[in-house]
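Before any comments, here is the structure.
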Amino acid sequence: MAGRTEGPARSRPVSGKPTKRSAASKQVRDGEGKVPAGTESTKATPAKGAKRDTTKPDADRDRLVGYFREMTLIREFELKAAEMYTRAKIGGYCHLNLGEESTVVGLMAALRPTDYIYTNYREHGYALARGMEPGRVMAELFGRSDGVSGGRGGSMHLFDAKRRFLGGYGIVGGQIPPATGAALALTYRGEPGPDSEAVVCQMGDGTTNIGAFHESLNLAAIWNLPIVYVVINNGLGMATTVEAAAGEPLLYKRGCSYRIKGVRVEGDDPSVVHEAAEEMLRRAREERKPGLLEIMTHRLRGHSVVDPARYRSREEAEKLRAEDPVPAYRHKLVADGVLTDEETAAIEAESIRIVDEAVAFADSSPEPPASDLFKYTYASPVANTSMLMPGDPILPAGWDKEVSR
Amino acid sequence: MAGRTEGPARSRPVSGKPTKRSAASKQVRDGEGKVPAGTESTKATPAKGAKRDTTKPDADRDRLVGYFREMTLIREFELKAAEMYTRAKIGGYCHLNLGEESTVVGLMAALRPTDYIYTNYREHGYALARGMEPGRVMAELFGRSDGVSGGRGGSMHLFDAKRRFLGGYGIVGGQIPPATGAALALTYRGEPGPDSEAVVCQMGDGTTNIGAFHESLNLAAIWNLPIVYVVINNGLGMATTVEAAAGEPLLYKRGCSYRIKGVRVEGDDPSVVHEAAEEMLRRAREERKPGLLEIMTHRLRGHSVVDPARYRSREEAEKLRAEDPVPAYRHKLVADGVLTDEETAAIEAESIRIVDEAVAFADSSPEPPASDLFKYTYASPVANTSMLMPGDPILPAGWDKEVSR
Amino acid sequence: MSAPTKKVPSAPTSGNTDPIITYRQALHDALQAEMQRDESVILLGEEIGIFEGSYKITAGLLDEFGPERVRDTPIAEEGFVGAAIGAAMLGMRPVVEIMTINFSLLAIDQIVNHAAKIYGMFGGQTPIPMVIRTPGGGGQQLAATHSQNLEVWYAHVPGLKVLAPATPADAKSMLTAAIRDNDPVLLLENLSLYNTKGPVPEHEVVAPIGKAQITVHGTDLTVVGYSRSAVIARDVAERFAAKGVSIEVVDLSSLRPLDRETICRSVMKTGKAVILEDDWLTYGIGAEIAATIAEGAFDYLDAPVRRVAAAEVPLPYAKSLERIALPDADALIRVINEQLDATGFKR
Amino acid sequence: MSAPTKKVPSAPTSGNTDPIITYRQALHDALQAEMQRDESVILLGEEIGIFEGSYKITAGLLDEFGPERVRDTPIAEEGFVGAAIGAAMLGMRPVVEIMTINFSLLAIDQIVNHAAKIYGMFGGQTPIPMVIRTPGGGGQQLAATHSQNLEVWYAHVPGLKVLAPATPADAKSMLTAAIRDNDPVLLLENLSLYNTKGPVPEHEVVAPIGKAQITVHGTDLTVVGYSRSAVIARDVAERFAAKGVSIEVVDLSSLRPLDRETICRSVMKTGKAVILEDDWLTYGIGAEIAATIAEGAFDYLDAPVRRVAAAEVPLPYAKSLERIALPDADALIRVINEQLDATGFKR
Ligand SMILES: Cc1ncc(C[n+]2csc(CCOP(=O)(O)OP(=O)(O)O)c2C)c(N)n1
Ligand SMILES: Cc1ncc(C[n+]2csc(CCOP(=O)(O)OP(=O)(O)O)c2C)c(N)n1
Ligand SMILES: [Mg+2]
Ligand SMILES: [Mg+2]
């Protein structure tokens, strides 16, 4: 069932406008978001002696191969994460992108290094596609100090300030107001234009029913914010269907209450997603028009790794397996002569290697030291901040003897 | 500026379907909502020797006269409330329906005694139109024990279980989820049909921007609840315009996100409002279809009695005065030969009398006794409920001597 | 969604012939019995039907009572909790499940500004007979936003009642009492207790609301706890008993109302008190307990009341940090020993 | 919307040449000065522009700084408070006005699950330099939902800082400090203090965060308060001074962090403590203060710490009931006298 990918030792987002990059990155201030390492668009070296349709322009081919490489890396990473959870290397909640790979890759390909993204807790794939080292992502899942959030966030809370990946959030809808505020901040930075920055706010279908969705989209509309709200429609909350949860189940139409344009696309072809997202981002950048993009996709397994999804019928389960976008995309590329079977196999083998390395890296990373417990409670240290451990007296023994600090 | 009305010693809601009343009231259970006293449709005795267009059918004429009587009573009541606030008889916040009288009266005329209504804090007129005694409403504003909420709620929190007036609420949007839940409860009571009960949830224009609006309308849609959400669009939150606050300023269209039908009507003619509300209520009763009714109206003064509304230009202020629906409706009825000037004058004089009586009643009503302070904290008394007064020791003196209760 | 729960000792069964079931099963049984008994009892919550609840408390109830009485809601805490309030105003008895107490923050305006106010603010015209079931608790590696113990917020609010059962038997009898009570009751469950087992009477038991319980009788020192901490306290008391130290355990059971008298009477007898709580130390539940003891049993205290609570940090995901940030039996034992030593207790 | 505020004594001016201004003006001046000083400071809130704020703190700022930096929001507390968080993540320094603390419940998920968590949960990658200004307080006949004092909820949460200025001078210096701090700070204002007057330095003063203040020095008894209650405490102390009783007043100033040492040192000196607080007694701010004193100054206490707090009811609108439900100077005086008598204090 798993796809397999060749690729660099770290996952790379595909850029729709590589040429714009340097220009865009000029705008960036205070260290944040300088062009992330490994975000230049990738050139796959053709495997020797493979037969191929040479009519395809190279750049275009590279893009398709890049998508496939991303998708297979995410697929391998998620399968491994599931395995690591059962081996108790990962704890808490763990939600996977299995079945959503093409959606994730297509969407992330439309972001520039200078754009910002907020996501929900089902975000491993987005992090990888944003160029975070698989090893550091896995280390976060393991709760280790080399994790992208220092081991403090875990699977649901990946973050990378440098890459402008402003977090996975576990409270449903919780990411929407902050993402909206990030877009508000951009309006103080500069004028709209083809090189300006924008924000992407990812969320699930079930999330469109919560108040924060309404309040935030309304703010984006009246303030003309450069943000694209992306609804990943995998058909379910946990087991609740979109139809059962939403008065208007055509979720892209829900922009109507704010005069926000909505678009729906199928998620199985990354090119289609990439293009739709890019156009929405263009409107945000150049016209300061918020957008609502709905992407139809599949959740191949349960809501989280511990959910056996018994509520699904055998038929549904089989239908889902048939719809798996990763093998489908592999077949498409081979059929279109973009890649040979040998090349896809090589790419897949490479993904496995990357993920195995990621696990090895995570495993070797130390747990955060006890001495760091209070390190990140406040950014500005002030007097009398409580650093008591369970059972400590509220004031240190003999405090009343010393003179007051 | 004030209208003047003739009428009974207590305000009376006008019913569009007096004949339905007894039928509808049959359904009523557990004491609640038995047909409120004084809700039969009123017959105004023609003033002697007034010239009048005798072609108008009597019932229809009575309806129009009833509207006018209601409107003038509300007008007089609100003017008096403003005066009483400046005389410190009323404290806290006090929001008036001045300019909204025709809207209030038209809407309330569409409700049956068996229907339920929830409102915001700008609700004096709704209470009067629902048949609450003006004296008991004024007593609530005065914080007296004969007030409709026992003096505990004040201006923003009028309530009358018997009349199914389920409260004025001060938290913007706070009334929307409970109103929706009341409609949910109705679905357990009986089948849809012309005689079934429904809920009306009133709110202001600014309230459509809060999360509770979104969550609640969505619930009403997916659960097919018999409820009509009524947006009283007076153009402003406090000083913020609808256009500045709402991405879709045509508020009736905001049902689109739930496939809820929206309708907008002008509020200055009570007949128009009555008819629109009745149709929405019919759909709710017979088809269990929630509706969104937007009524365009005016707020003649500031947001609350202490707001001088300096943010309004002289022109706006004058335009508003010109649009005052109460004198306009008086002129219309006289022009149409429904009432003579003498009759309108008599009706107006009567309203003043009613309101003066209300003030006298409120003034003579005692303040709630100190002994009642803890009376309504809990409906089911349980052990160890705190009834300590400020400064009391946490346990009564000598408690440790007695044996444990 | 349900994560593995940390091991917590189960209730003592000695000399009890009642069937041994889990805390989870006890909650389920109470819901089932009350729904069978009273048609006006309905369940509302996210994923409580088809999914059978994030923690499976409602398993099977959809099949037995149907989708109208076991109602799956969209993700809209403020909406459906508020809807429960309105339904209660019309005579229904809704039992709402909020998946975890962390998500109750989305509904807190409806809970505190509406459910807790409507009866009093409108002069007693309409009671709000509703129950909010929600689990708190850390220790599951759910990280900062999914591991909080915020019960003190609700316990502070007049108009609400807050119950915190520690055992399966209490879970059943308190949920039954909550459903029959005419006020809004928040029933605090705990992620780490769902799998714990104990004897639970099959027949109906309705717990008294507002009473603390002495779950272990002792004379040397009082330990006060509730929910998970009351279970740990009982276990620790038994360990000390083996060493000849007689510890009395007060299980608050009801956080609001608070049974000050039972707490103070125990300390008047023992002269020493330690509080174990899962929430953050400062302004936590233990602050009120300590203040209550310090005032009510002032003349009887041999040593200052001590609190064992969580370190004041957004709880980290990493096991290494989570473990040390949360109070446990070892910390309680250490502090009890410090108390005994400070008062020159002879062993 | 602003209701008449109950009379509260103003700050002492003796021997101070600073201009006398209101608490309201002091807040306004701090906002104005910080906005002039730092472009990244923006204001967000309902009706803060055209309407000049429900309590007129922002009067004139729209004209001076324009609609982008003084931004009127729709009625959407969760939305705009959350938006401030996101803006802070990108380097802005938003100051949000929530019209009253009662409405903060609509935004509390963003405040507690996001603003307070983002810095720590993501391993210190992005600070959240934002301020939430909001008034609490009863006594204005605003009834149950508009008269609450819920600061203890926020004070309980690690990741937040909570300041509660009592005087115009503190209002200005604490708001200035809050705006320059890199963490989310909740600045608790008070409806009944806005019109109070006191001397306020024209030059910039940045208050230390996390420190309590001894506002009246004394030796016989310690009164602890904050915000409005600290003002009343000071006034009462002066009245007792006239009668030869030397009362020390501790103004907490910062509810989180809490300056336990200053509180305990005072009680070590006086041996007696009374706490005055506007919130509900059980699980209120005073509970932590009493617990702190009872542990930290155990050996020095001559009598149990007493608390003067609000009666535990949804606050009624009726003046007759509201008045008796709220703590005031008379209740404080009564309890102080009880304390003095209980300890055989000679007058
Ligand atoms: C406010 C809140 N309520 C409930 C939950 C529990 N919960 C976590 S994920 C989820 C379903 C979300 O569905 P959707 O938005 O479609 O995202 P998906 O998981 O399908 O990607 C729920 C109910 C939560 N985390 N936060
Ligand atoms: C949650 C909440 N936020 C803010 C307020 C303060 N407030 C009271 S009324 C009001 C304006 C409401 O405007 P609208 O909904 O149009 O009703 P109107 O007053 O015009 O009838 C505001 C902001 C509140 N009471 N509750
Ligand atoms: Mg989904
Ligand atoms: Mg309005």
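In what follows, chains are A, B, ... by sequence order, proteins preceding strands, each numbered from 1.
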(request) Considering non-hydrogen atoms only, spot the tightest contact between C/Pro314 and D/Ala116 and give its length. (result) CG-O, 3.9 Å
(request) Give the ring-plane orientation class for D/Tyr154 versus C/Trp153, where under 30° counts as parallel, over 60° as perpendicular and anything between as tilted. (result) tilted
(request) Could you grab the distance from atom CD1 of C/Ile108 to atom CG of D/Leu105, nearest 0.5 Å is fine? (result) 5.5 Å
(request) Check whether any side-chain heavy atom of D/Leu315 sits under 4.5 Å from a side-chain heavy atom of C/Met121, and report yes or no. (result) no
(message) Rounded to the nearest 0.5 Å, what separates atom CG in D/Leu150 from atom CG in C/Asn113?
(response) 7.5 Å
(message) Taking side chain as everything from C-beta outward and backbone as N, CA, C, O, which of these in C/Thr292 sits under 4.5 Å from a heavy atom of chain D? Side chain, backbone, both or neither.
(response) both
(request) Calculate, to the nearest 0.5 Å, the distance between atoms OG1 and CZ belonging to D/Thr282 and C/Arg260 respectively. (result) 4.0 Å
(request) Please state whether the side chain, the backbone, both or neither of C/Leu258 comes within less than 4.5 Å of a heavy atom of chain D. (result) side chain
(message) Counting heavy-atom pairs closer than 4.5 Å to chain D, which one of C/Ile285, C/Ile293, C/Ile289 comes out on top?
(response) C/Ile285
(request) Name the member of C/Ala144, C/Ala290, C/Gly120 that forms the most heavy-atom pairs with chain D at distances under 4.5 Å. (result) C/Ala144
(message) For residues 141-155 of chain D, which residue pairs pass the salt bridge (Lys or Arg N to Asp or Glu O under 4.0 Å) check, not counting sequence neighbours?
(response) none
(message) Minimum heavy-atom separation for D/Tyr283 and C/Leu255, please, with both atom names.
(response) OH-O, 2.6 Å
(message) Does any backbone or side-chain atom of C/Gln110 lie under 4.5 Å from a heavy atom of chain D? Answer side chain, backbone, both or neither.
(response) neither
Acceptor/donor pairs from residues 297-311 of chain C side chains to any protein atom, 3.5 angstrom cut, sequence neighbours excluded:
from     : atom 1 : to       : atom 2 : distance (Å)
C/Tyr300 : OH     : B/Asp400 : OD2    : 3.0
C/Arg306 : NH1    : C/Glu338 : OE1    : 2.9
C/Arg306 : NH2    : A/Gly391 : O      : 2.6
C/Arg306 : NH2    : C/Glu338 : OE1    : 2.9
C/Arg307 : NH1    : C/Leu281 : O      : 3.3
C/Arg307 : NH1    : D/Glu288 : OE1    : 2.8
C/Arg307 : NH1    : D/Glu288 : OE2    : 3.4
C/Arg307 : NH2    : D/Glu288 : OE2    : 2.8

(message) What part of D/Ala107 gets within 4.5 angstrom of chain C, counting heavy atoms only: side chain, backbone, both, or neither?
(response) neither
(message) For C/His156 together with D/Trp280, are the ring centres under 6.0 Å from each other?
(response) yes
